[in-house]
Each structure stands twice: as structure tokens, then as C-alpha cells.
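As the structure is a prediction and not an experimental result, all values here were calculated from the model.
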Amino acid sequence: MKKELTNREAVRMAIDTAMQKDERVFLAGEDVGKYGGSYAVSLGLLEKYGPERIVDTPLSESGFTGMGIGAAMNGMRPIIEIMTVNFSLLALDQIMNNAAHLLHMSGGQYNVPLVIRMVTGAGKQLAAQHSHSLEGWYAHIPGLKILTAATVQDAYDMVHLALADPDPVILFENSLLYNMKGVLDTSAQPLPIGQAKVMREGKDLSIFAYGINLFKALEAAETLAKEGIEAEVVDLRSLRPLDDETIIASVRKTHRVLIVDEGWRSGSISAEIMARINEQAFFELDAPMRRVCSEEVPIPYAKHLEDAAIPSPEKVVDAAKAVMEEA
Amino acid sequence: MSLSLEKAKQFYRQMLLCRRFEEKSAELYTEQKIRGFLHLYIGEEAVATGIIDAIEPDDGVVATYREHCHAILKGIPPEKVMAELYGKMEGCSRGRGGSMHLFDKEKNFYGGYAIVGGGLPLAVGIALADKRMGRKRVTVCFFGDGAVAEGEFHESMNLAQLWELPVLFVCENNLYGMGTYIERAESEPDLVKKAKSYRMEAHRVDGMDVVKVNDAAKKAVAHIRSGKGPVFLECQTYRFRAHSMFDPDRYRTKKEIEAWKEKGPIVTFRKYLQKKEMWEKIDAAAIEKAIEEEVEKAVDFAEKGTWEPVSDLTKFVYSEEVTS
Ligand SMILES: Cc1ncc(C[n+]2csc(CCOP(=O)(O)OP(=O)(O)O)c2C)c(N)n1
């Protein structure tokens with residue numbers, strides 16, 4: 001079945017269908033119930049499923065994230081919503097020291113089938129404590145899986161992929177994408193975790209991006225095409241595991257690399273991708289790799305400063321041209 | 001309440017097994033057979049013994065890094081615990097957890113956790129799952145007085161009471177968090193009062209007296225099983241050894257330690273049994289001998305254990321890699 005809807009509706013529909021299908025699934029987080037979710041993702045679900053399955057929690061990020069881990073260890077399939085990635089730092093102890101480590105630490109006995117959803121990214125002038133992109137950080141941690149939906153199809157599929165997974169999965173949702181429309185095909189076989197997707201074919205250079213920056217990359221590719229540069233745009237989708245195969249195949253085809261990543265440059269996922277290309281396909285490169293990242297500042301409030309701090313289609317175009325000129 | 005001879009024997013045996021197992025561990029540590037952090041429970045045995053006796057095998061236990069006795073009393077064979085301390089593949093966590101991370105899914109031992117306070121939210125979640133799925137289980141969560149200062153303690157108390165979850169919070173108040181005396185860490189050192197501020201059913205018990213701990217635990221478990229929500233139990237106890245094998249123990253006096261040793265759980269229990277004229281009947285010498293053999297057997301098992309091949313190093317990071 002194909003239909004047009006927003007990312008917000010796609011996530012909601014995915015949670016709704018998952019809750020219908022599996023009684024073990026519940027959603028918990030701050031204001032997910034009565035309020036309808038701070039980004040209105042769970043609007044209407046409380047009325048449908050009641051407070052035992054759409055659980056409003058107090059402001060206790062560590063407490064309710066750890067609660068989700070315990071519930072997952074004991075047979076349930078919790079979805080924990082953390083309002084914003086910045087607040088997830090209060091739950092970092094539970095996410096890393098418990099969720100990510102338990103299977104290994106217990107010698108393979110306790111897996112944690114937990115799903116954590118959180119909002120990431122800048123662009124709404126929310127200043128330094130509400131605007132960061134820390135998914136690259138989380139991708140550093142073995143034991144976690146990190147998914148970043150850009151399209152409506154992925155917004156829907158990834159909830160199901162995450163729930164079906166026996167291990168802790170974190171879904172990063174960009175608030176600016178919630179209103180974006182797209183076509184969802186509920187009968188399509190979802191692309192598995194750990195697989196990237198070529199969104200636009202091209203022969204001149206590869207642009208790797210994820211989340212909202214995928215659309216900035218696609219927009220840049222349009223501009224570049226008008227100037228005769230055919231960029232291939234790859235949606236990374238999954239930051240852990242990373243799809244080395246698709247990344248390297250694209251490099252072998254275009255021989256030039258540009259990465260768009262809203263994380264800070266130092267120690268970012270873009271750095272990791274560069275390192276892997278260096279390890280696996282160095283001699284395929286015709287030019288030094290480049291990247292467009294966030295400036296190394298806490299994201300500022302003022303609009304012009306915020307815009308200057310994060311990737312934009314213009315920055316992507318400029319960086320792509322620079323890569324092309326160096327070859 | 002008076003104790004049956006059977007129970008008397010069991011308690012004596014369990015506390016002594018814990019004591020001897022750990023004395024042996026300390027010895028093996030100095031021989032460098034066991035490495036890493038080793039936190040001994042010596043002096044506190046009455047707490048784990050009295051509490052775990054009050055629950056069923058199906059009930060869950062979440063513990064800290066000072067959890068050898070909790071693990072053994074929950075039913076993990078001492079040899080599997082010892083093998084874990086050795087880091088052997090036959091250990092209860094395959095040698096990947098060590099002293100601080102004992103696990104046994106079959107025994108519903110949800111693990112030893114080394115981040116102070118970190119186990120409490122898990123206990124809340126385990127209990128929530130039981131309540132939602134209509135299971136009549138209780139989850140016991142052990143932690144020290146140090147954990148009471150952490151945010152996760154307060155978050156967990158609030159959530160558990162708010163949602164009336166079947167958790168028994170057992171605070172093993174041994175007065176010290178490493179070297180910090182409780183009065184220097186808590187603006188309100190009355191922990192029962194703290195728990196009551198969450199409207200939680202809360203009691204204080206002499207943690208050196210296994211009979212009293214057991215009575216309090218039975219009442220608490222009955223309360224929880226009847227669906228009335230969580231209970232907080234403060235067990236006042238004392239560790240006779242240093243915090244860990246690395247701790248020079250400079251923050252308290254010998255006199256203080258000796259005074260507590262006089263009311264140690266095994267001494268106290270022996271006096272109780274003598275008063276009740278049960279002491280002669282439990283045959284302490286036979287118990288002692290059997291335990292000696294059990295500990296020896298555990299060491300032997302650990303010695304004979306094998307090392308996990310390094311080629312398996314990256315196993316158990318994700319579930320699909322779980323093959324055995
Ligand atoms: C979050 C955290 N902070 C600090 C430590 C270091 N640490 C380990 S044990 C301990 C003392 C804890 O005391 P308590 O909770 O009273 O337990 P006890 O050791 O007395 O059984 C500390 C500070 C830790 N493991 N975790």
C-alpha cells in the first residue's frame with residue numbers, strides 16, 4: 001500500500017502498528033501521553049492504548065531509560081523516547097554502561113532488545129542545549145546500533161527494524177524532517193540495518209550524508225549537475241554498523257569523496273568514514289577527501305550564526321567544487 | 001519469631017559458606033590467581049542470607065560489585081562464581097565479567113553492576129515488566145548507602161512508588177562509601193526517612209541479625225506480592241574488610257572495627273542458637289568441614305577451567321554473534 005504522509009505520521013504509524021501487533025511493545029518518555037509527544041509524534045496514541053502502554057514519565061532520563069533496559073531484559077519491547085539528544089546525556093550511564101555492555105559482560109546471557117528514539121540536529125534557533133548532533137558519538141559505542149532516518153520510508157521502516165532487533169537500537173529523528181512529506185510503501189521489504197542507499201547516481205564524486213543533510217546533499221547535487229558535475233549521493237542510513245561495502249563501491253566508481261555531517265569535525269563520524277576509505281580504497285582516490293561539518297562551536301541562537309555553524313547546500317557545492325578542482 | 005532447626009542449619013551454613021568463600025578469594029587474590037577489583041562482603045552476610053531466603057527461585061536479584069554472596073545464595077554454584085573470579089570460560093559470565101559482573105539468567109540473577117546506583121533503574125524496569133505481564137514476581141535490588149546520594153536512586157524510588165512496582169530495595173548501610181562516612185555524604189543520614197519522603201513503605205533492621213533481616217524481608221515480600229507496591233529496607237551492617245583489596249583502610253579506627261566484629265553476623269547467630277539450645281543440634285563441625293570441601297572444589301574447578309580463545313574476543317557484542 002502506497003500513501004503520502006509526513007515523517008511524523010510515518011513514525012506514529014509505525015509505533016501504532018507495532019503496538020497492535022505485539023503486546024510487549026510500549027512507549028515511555030516525558031510527555032509522550034497526555035501532551036501527545038513534545039513533537040506530537042505520539043498524538044492520539046494514549047487514547048488508543050491507555051496509560052500502561054503510552055507511559056508518561058517524570059523528568060528522569062536515566063531512571064526511565066534504565067527502566068526500559070530492565071523491562072527489555074525481562075521480556076518486553078520498550079520504546080523509550082528522549083526529547084532531545086542533549087538530554088540523553090543524563091541517561092548516558094544507562095545507555096552505555098548498561099544497554100550496550102550487558103550482553104558482553106554477561107557472557108552472552110542478557111541481550112537488551114530496547115529501542116530509544118531521540119530528536120537530533122540544529123536549525124530552529126534553540127541554542128546550545130537543544131541543537132546538537134551527537135549520533136556520531138553514540139556510533140562510537142560497540143553494542144549499540146545507530147539509525148538515522150531521512151526519508152518517510154525509513155522513518156517508518158526503522159521503527160520496525162529496531163523493534164525486531166535483539167539488541168539496543170537508537171533512532172535519531174531530526175525535528176525539521178517531521179513535517180516533510182514523502183511516499184510510504186508499507187508493503188515494501190525494508191532495507192536492513194547496516195545498509196546504505198544510493199539516492200542519486202553519479203560518476204564524478206561521491207557525497208555521503210545522512211538524516212536532514214541528505215537533502216542538503218541532494219540539493220547541492222542538483223546545482224552541481226547544472227554545472228556539469230555529476231555527484232553520486234549516498235544516504236548512510238545506519239551509522240553503526242556502517243556499510244563499508246556501499247561506501248567503498250561508490251568510491252571505486254567516482255574516485256572523489258565528500259562527506260556531509262552535522263556533528264563537530266573533530267572525532268566525528270565523517271572522520272571515521274575518511275579513515276575507512278583510507279584503509280580500504282586509498283589508491284582509488286584521485287583527490288584528497290573533504291567534508292562539511294558543523295563549526296566547532298556550541299550551536300548559537302542567532303539565526304545567521306546558527307546557519308553559519310551548520311552544513312548548507314551552498315557549503316556542500318563549494319566543497320564539491322574544491323574536490324573536483326584538486327584532481 | 002522462632003526458627004526451625006532446619007532453617008537454623010541453613011542460615012548458619014549459608015553465612016559460613018559466604019565467609020569461607022571470600023576468605024579463600026582474598027587468599028587467592030594475594031597469590032595473584034584473581035586480579036582486578038575484589039570487593040569482599042565479609043561482615044555483611046546476614047543481609048544477603050536473610051533477604052534471599054525470603055524470596056522464591058523465580059524472583060529476580062539485581063546486585064552491585066560486592067555481590068559474590070548474593071550470587072551464590074541466589075543459586076549460582078560457588079564453582080561457577082570462583083571460575084568467574086579467575087576469568088575462566090566456565091565462569092558464570094564466561095570470564096568476561098569478573099568479580100564485579102556475575103550473571104546467571106537461569107537463576108534470575110540479573111547481575112552485578114559497578115556503576116554506583118546504576119542497577120536501580122534496571123530493577124524498576126524488571127519489576128515493571130512483571131507487573132505489566134501479570135507475573136507475581138518480586139525483584140530485589142541490593143545497593144550500598146553510597147548509592148543513596150546518586151540521582152538514579154531518587155529517580156528509581158520515585159518511579160517505583162509512582163507506578164507501585166514490585167521491587168524490594170535493600171540498602172546495605174555499612175556506613176561507608178569507600179572512605180566516606182555516611183554523615184559526611186548525606187545531609188539527611190536517616191535513610192528510612194528519605195524513602196518515606198517518596199511515600200514508600202520503609203523499615204530499618206539490624207543487618208547483623210539474620211533472623212531479624214529474614215523476618216523483615218518476609219513481611220516486605222508479602223507486602224509487595226499483595227500488590228501494594230515497593231518496600232525499602234535499610235539493613236544496618238558493617239564491612240570488616242577494606243572497601244577493596246587496594247584500600248589501605250585509613251579512614252576508620254581498629255577499635256571501631258573490633259567493636260563491630262563483636263556483633264558480627266556469625267557470632268550473633270551462634271549466640272542466638274546457644275540461647276535457644278539449638279547450637280549443639282546443628283553440628284557446626286560437620287558444616288564447617290563440608291564447606292571447606294565445597295570451597296576447595298570451587299577452587300579446583302576454577303583452576304581446571306579454560307581460557308576463552310582470543311579468537312572469540314568480539315563475540316557477544318551483538319546478539320547475532322551469540323552462537324553458544
Ligand atoms: C558512579 C560511580 N561513582 C563512583 C564509583 C567508585 N566507587 C566504587 S564503590 C564506591 C563506594 C560505594 O559505596 P556504597 O554504595 O556504600 O557501597 P559499599 O561499597 O559500601 O558496599 C565508589 C565511590 C563508582 N563505581 N560508580
So do the side chains of B/E155 and A/L59 get within less than 4.5 Å of each other, counting heavy atoms only? no
B/L122 and A/N98: side-chain contact (heavy atoms from CB on, under 4.5 Å), yes or no, with the steps? CA-CA 9 Å; B/L122 300 188; A/N98 286 339; 3.8 Å; yes
Comparing B/L120, B/N158, B/L102, B/D130 against chain A, the one with the most heavy-atom pairs below 4.5 Å turns out to be B/D130
Answer with side chain, backbone, both or neither: which region of B/N108 has an atom nearer than 4.5 Å to a non-hydrogen atom of chain A? backbone
In terms of heavy-atom contacts, A/H104 and B/V317 come closest through ND1-CG2, 4.1 Å
Heavy-atom distances under 4.5 Å only: say whether B/M133 touches chain A with side chain, backbone, both or neither. side chain
Heavy-atom contact with chain B under 4.5 Å, split by part of A/T65: neither
Could you walk me through whether B/E152 and A/S62 pass the side chain to side chain donor-acceptor pair (under 3.5 Å) test, one step at a time? CA-CA 7 Å; B/E152 283 179 321; A/S62 201; 2.5 Å; yes
Spacing of OG1 belonging to B/T139 relative to CG belonging to A/N74, to within rounding of 0.5 Å: 6.5 Å
Heavy-atom distances under 4.5 Å only: say whether B/Y110 touches chain A with side chain, backbone, both or neither. both
Grab the two heavy atoms, one from A/G63 and one from B/L159, that are nearest each other, plus how far apart they are. C-CD1, 3.7 Å
Residue among B/H154, B/M89, B/K105 with most heavy-atom pairs under 4.5 Å to chain A: B/K105
Taking all non-hydrogen atoms of both residues, which atom of A/Q94 and which atom of B/P121 are closest, and how far apart? NE2-CG, 3.5 Å
Can you name the nearest heavy-atom pair linking B/S319 to A/L103, along with the distance? N-CD2, 3.5 Å
Output yes when a side-chain donor or acceptor of B/R132 lies under 3.5 Å from a complementary backbone atom of A/E52, and no otherwise. yes
Does CD in A/E23 sit with more than 12 non-hydrogen atoms of other residues, nucleotides or ligands closer than 6.0 Å? no
For the OH atom of A/Y110 and the CG atom of B/D104, what is their distance to the nearest 0.5 Å? 7.5 Å
For chain B, the option from A/M67, A/M73, A/K145 that forms the most heavy-atom pairs under 4.5 Å: A/M67
Specify which of A/V55, A/T57, A/D93 makes the most heavy-atom pairs with chain B at under 4.5 Å. A/D93
Based on non-hydrogen pairs under 4.5 Å, which of B/R135, B/K131, B/E84 is most in contact with chain A? B/R135
For B/E188, does the CD atom sit with more than 12 other heavy atoms under 6.0 Å from it, leaving out its own atoms? yes
More than 12 foreign heavy atoms under 6.0 Å from CD of A/Q129: is that the case here? no
Roughly how far apart are B/Y113 OH and A/N97 CG, rounded to 0.5 Å? 11.0 Å
Side chain from CB out, backbone as N, CA, C, O: work out which of these in A/L144 comes under 4.5 Å of a heavy atom of chain B, or both, or neither. backbone
Residue part contacting chain A, namely of B/L162, when any heavy atom lies under 4.5 Å: side chain
A/M105 vs B/F103, test: side-chain contact (heavy atoms from CB on, under 4.5 Å). Steps then yes/no. CA-CA 8 Å; A/M105 212 157 72; B/F103 289 88; 3.9 Å; yes
If you draw a 6.0 Å radius around CD in A/E245, do more than 12 non-hydrogen atoms from other residues or ligands fall strictly inside? no
Is it the case that more than 12 heavy atoms not belonging to A/K48 sit under 6.0 Å from its NZ atom? yes
A/I141 versus B/Y318, closest heavy-atom pair with distance: O-OH, 4.3 Å
Pair A/Q109-B/E106, side-chain donor/acceptor within less than 3.5 Å: no
Minimum heavy-atom separation for B/W163 to A/P58, with atom names? CZ2-CD, 4.4 Å
